[in-house]
Amino acid sequence: MDLQKILAYQDIDKKVYACELELKQSKPAQEYAKAMTVYKSRTEDMMKSIREADEIAVLVERYKQTYKSILDEISGLNEVLESFEELKEIDKYEKKIAQFQKELLNIERELTRLSKKMDDCIEISKKSLDDLKKLEDIIKVRKFDMQKIKAEIEAKAKNYLIELKKLQAEIPSNIISKYNEIRKNKKMPVLVPSSDNFKACLGCGMDISSDLTIKLQSGGIVECPNCGRLIYNNK
């Protein structure tokens with residue numbers, strides 16, 4: 001394995017990475033990202049209120065069915081009362097009717113509460129929708145500004161990318177795959193030297209095992225068990 005080619009690849013890639021950071025840290029890109037974050041938040045608010053409204057609708061329907069069932073039972077009891085002559089039986093059914101009436105009152109109160117909650121959900125949904133419409137206009141402007149500076153930075157990185165492609169053909173594919181995997185985790189540099197005694201990673205400063213130390217001393221490249229970077233022997 002040609003270590004110098006891999007390090008040369010990384011040196012060029014550092015310039016590409018710098019361009020990526022320049023874009024990410026640019027004011028247009030940050031304003032666009034901020035607008036998208038707000039848009040996502042408003043969308044989640046609206047979807048949450050819609051889900052809550054659906055849940056309320058289910059509860060309201062359930063309470064309506066219970067309300068109807070109680071009314072039917074009360075109606076049935078009234079018919080029974082007309083046929084009973086014994087006072088104790090009448091007293092028993094009158095208590096039952098009183099209990100039903102109490103339950104109906106509780107259901108009416110709960111339906112009133114749910115109705116207010118439903119109104120709140122609808123209001124939140126309307127406000128979120130209005131906010132989203134306004135944000136869409138803002139995002140269009142932010143996206144245009146961001147794409148403009150992105151084009152400028154990509155033009156600057158174009159030659160670096162061409163060089164990387166040429167070098168990539170000379171490096172084992174498994175090394176490139178591993179390199180790109182680590183790079184995606186925002187760890188740059190990907191390849192770092194070992195400490196002078198081969199016992200630590202200079203990317204994160206953590207000690208490595210004796211097995212990895214032996215492999216480094218023999219000229220191999222090892223993966224740091226702590227930060228995941230690739231460690232090489234710089235001697």
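Values in this document were obtained by computation on a predicted structure and should not be read as measured data. Index from 1, following the sequence.
Sequence neighbours left out, the pairs with a member in residues 105-114 that pass side chain to side chain donor-acceptor pair (under 3.5 Å) are Tyr67-Glu108, Glu110-Arg113. Counting only residues at least two apart or in different chains, ring-ring contact (aromatic ring centres under 6.0 Å, His included) contacts with residues 164-214 comprise Tyr9-Tyr179. Applying the ring-ring contact (aromatic ring centres under 6.0 Å, His included) test to every pair with at least one member in residues 10-34, sequence neighbours left out, gives no pairs at all. Counting only residues at least two apart or on different chains, the side chain to side chain donor-acceptor pair (under 3.5 Å) pairs with a member in residues 204-223 are Lys178-Glu223.
The side-chain heavy atoms of Ile208 and Leu216, taken from C-beta on, include a pair separated by under 4.5 Å. Using a 4.5 Å heavy-atom cutoff, the side chains of Ile70 and Ile107 are in contact. By the 4.5 Å heavy-atom criterion applied to side chains, Ile56 and Val60 are counted as neighbours. Two residues are said to be in side-chain contact when any heavy atoms from C-beta on lie closer than 4.5 Å; Glu61 and Gln65 meet this criterion.
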Report the C-alpha distance between Leu230 and Ile182 in whole Å, list the side-chain angles of each, state the deciding distance to 0.1 Å, and finish with yes or no for side-chain contact (heavy atoms from CB on, under 4.5 Å). CA-CA 9 Å; Leu230 299 177; Ile182 298 169; 3.7 Å; yes

Please report the C-alpha distance between Leu129 and Lys133 in whole Å, then the side-chain angles of each, then the deciding distance to 0.1 Å, and finally whether the side-chain contact (heavy atoms from CB on, under 4.5 Å) criterion is met. CA-CA 6 Å; Leu129 188 57; Lys133 288 177 180 177; 4.1 Å; yes

Go through the steps to decide whether Val222 and Tyr232 satisfy the test side-chain contact (heavy atoms from CB on, under 4.5 Å), and finish with yes or no. CA-CA 7 Å; Val222 302; Tyr232 64 92; over 6 Å; no

Take Asp72 and Lys68, measure what salt bridge (charged side-chain N to carboxylate O under 4.0 Å, His left out) needs, and give me the verdict at the end. CA-CA 6 Å; Asp72 290 343; Lys68 183 178 181 301; 3.3 Å; yes

Given Gln10 and Val190, is the side-chain contact (heavy atoms from CB on, under 4.5 Å) satisfied, shown in steps? CA-CA 8 Å; Gln10 177 167 264; Val190 172; 3.6 Å; yes

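Applying the side chain to side chain donor-acceptor pair (under 3.5 Å) test to Glu44 and every residue at least two apart in sequence or in another chain returns nothing. When the side chain to side chain contact (heavy atoms under 4.5 Å, CB included) test is applied to Lys127, the partners found at least two apart in sequence or on another chain are Asp131. Not counting sequence neighbours, the partners of Lys156 by the side chain to side chain donor-acceptor pair (under 3.5 Å) test are Glu22. For Gln25, there are no side chain to side chain donor-acceptor pair (under 3.5 Å) partners at least two apart in sequence or on another chain. Evaluation of the side chain to side chain donor-acceptor pair (under 3.5 Å) rule for Glu123 yields no partner, not counting sequence neighbours. Every residue meeting the side chain to side chain contact (heavy atoms under 4.5 Å, CB included) condition with Tyr39, not counting sequence neighbours, appears here in chain and number order: Thr43, Leu132, Leu135, Glu136, Ile139. Scored by the side chain to side chain contact (heavy atoms under 4.5 Å, CB included) test, Leu202 finds Pro193, Ser195 as partners (sequence neighbours excluded). For Ser128, the side chain to side chain contact (heavy atoms under 4.5 Å, CB included) partners two or more places apart in sequence, or in a different chain, are Asp45, Met46, Ile124.
Gly205 approaches Ala200 most closely through the heavy-atom pair O-CB, 4.4 Å. In plain terms, the two heavy atoms of Ile231 and Cys201 that are nearest each other are CD1-CB, 3.5 Å. Minimum heavy-atom separation, Ala35 to Arg142: CB-CG, 4.4 Å.
Looking only at distances, a side-chain donor or acceptor of Arg229 sits under 3.5 Å from a matching main-chain atom of Pro189. No side-chain donor-acceptor contact under 3.5 Å links Glu163 to the backbone of Ile12. Here the side chain of Ser41 pairs no donor or acceptor atom with the backbone of Thr37 at under 3.5 angstrom. Side-chain N or O atoms of Asn233 include none that pairs as donor or acceptor with a backbone N or O of Gly219 at under 3.5 Å. Side-chain atoms of Ser177 never come within 3.5 Å of backbone atoms of Asn174 as a donor-acceptor pair (strictly under, hydrogens ignored). Judged by distance alone, with hydrogens and angles left aside, the side-chain atoms of Ser115 form no donor-acceptor pair with the main-chain N or O of Leu111 at under 3.5 Å. Counting only distance, with no hydrogens or angles, the side chain of Gln168 and the backbone of Ile176 share no donor-acceptor pair below 3.5 Å.
Taking CG from Leu191 and CG from Asp11, the interatomic distance works out to 10.0 Å, rounded to the nearest 0.5 Å. Once rounded to the nearest 0.5 Å, the distance linking CD1 of Ile138 with NZ of Lys143 reads 15.5 Å. Residue Asn185 holds its CG atom at 11.5 Å from CG of Asn180, rounded to the nearest 0.5 Å. Note that CD of Glu52 and CG of Leu114 are 11.5 Å apart. Values are rounded to the nearest 0.5 Å. Rounding to the nearest 0.5 Å places CG of Asp54 at 9.5 Å from CZ of Arg51. Atom CD of Glu20 and atom CG of Asp13 lie 7.0 Å apart (nearest 0.5 Å).
Cluster membership check: Leu3 does not share its hydrophobic cluster with Leu212, using side-chain heavy-atom separations under 4.5 Å among Ile, Leu, Val, Met, Phe, Trp and Tyr. Side-chain heavy atoms closer than 4.5 Å link hydrophobic residues (I, L, V, M, F, W, Y) into clusters, and following such links, even through other members, never connects Met188 to Met206. Tracing side-chain contacts under 4.5 Å through hydrophobic residues (I, L, V, M, F, W, Y), one never reaches Leu23 starting from Leu164; they form parts of separate clusters. In this structure, Ile149 is not a member of the same hydrophobic cluster as Val16, with clusters built from ILVMFWY side-chain heavy atoms closer than 4.5 Å. Note on Leu21 and Met146: separate hydrophobic clusters, where clusters join Ile, Leu, Val, Met, Phe, Trp and Tyr whose side-chain heavy atoms are under 4.5 Å apart, directly or indirectly.
Residue Lys187 places its NZ atom among more than 12 non-hydrogen atoms of other residues, nucleotides or ligands, all under 6.0 Å distant.
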